[in-house]
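Encoded as structure tokens, the structure appears first; notes follow it.
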Amino acid sequence: MKLTGRVVFRDIETGVWVLEGDDGTTYQLAGGDRKLKKDGQRIEAEGRVDGDTLTSAMVGPIFHVSSYRFV
């Protein structure tokens, strides 16, 4: 699956990185590397969505990033 959107840090619990998708959905980010985690940066990412896992942040489905690029 390919998603585009903006990477945002949310100060929930211990903090969580999310992708505010252009599709209007907020995804909790998993995977990628440190360079991905830049607040406000727009990206295009490929990966898979895991909608069945619950996390303490509860911000939306988890998006497991396999690759990305800045746009």
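Keep in mind it's a predicted model, so treat the numbers as computed, not measured.
Under a hydrophobic clustering in which Ile, Leu, Val, Met, Phe, Trp and Tyr are joined whenever their side-chain heavy atoms come within less than 4.5 Å, directly or via other members, Val49 and Val8 fall into different clusters. Taking hydrophobic clusters as Ile, Leu, Val, Met, Phe, Trp and Tyr residues chained together by side-chain heavy-atom distances below 4.5 Å, Leu3 shares a cluster with Phe9. Hydrophobic clustering, with ILVMFWY side chains joined whenever heavy atoms are under 4.5 angstrom apart, keeps Leu19 apart from Val59.
Smallest separation of non-hydrogen atoms from Phe63 and Ala45: CE2-CB, 3.7 Å.
With values rounded to the nearest 0.5 angstrom, Gln41 atom CD is found 13.0 Å from Lys35 atom NZ. Note that the CZ atom of Arg42 and the CG atom of Asp22 stand 4.5 Å from one another [nearest 0.5 Å]. To the nearest 0.5 Å, atom CD of residue Glu46 and atom OG of residue Ser67 are 4.5 Å apart.
By the 4.5 Å heavy-atom criterion applied to side chains, Ile43 and Arg69 are not counted as neighbours. Leu29 is listed as a side-chain neighbour of Val65, based on a closest heavy-atom distance under 4.5 Å. Looking only at side-chain heavy atoms (C-beta outward), Pro61 and Asp50 stay at 4.5 Å or farther from each other. Taking 4.5 Å as the limit, every side-chain heavy atom of Tyr27 sits out of range of all side-chain heavy atoms of Val18.
Side chain of Thr26 to main chain of Glu20: no donor-acceptor pair is present (N/O by atom type, distance under 3.5 Å, no hydrogens or angles).
At least one test fails for Lys2 against the ring of Tyr68: distance under 6.0 Å to the centre or angle within 45° of the axis.
The pair Arg10-Asp39 does not count as a salt bridge, with every side-chain nitrogen at least 4.0 angstrom from each carboxylate oxygen.
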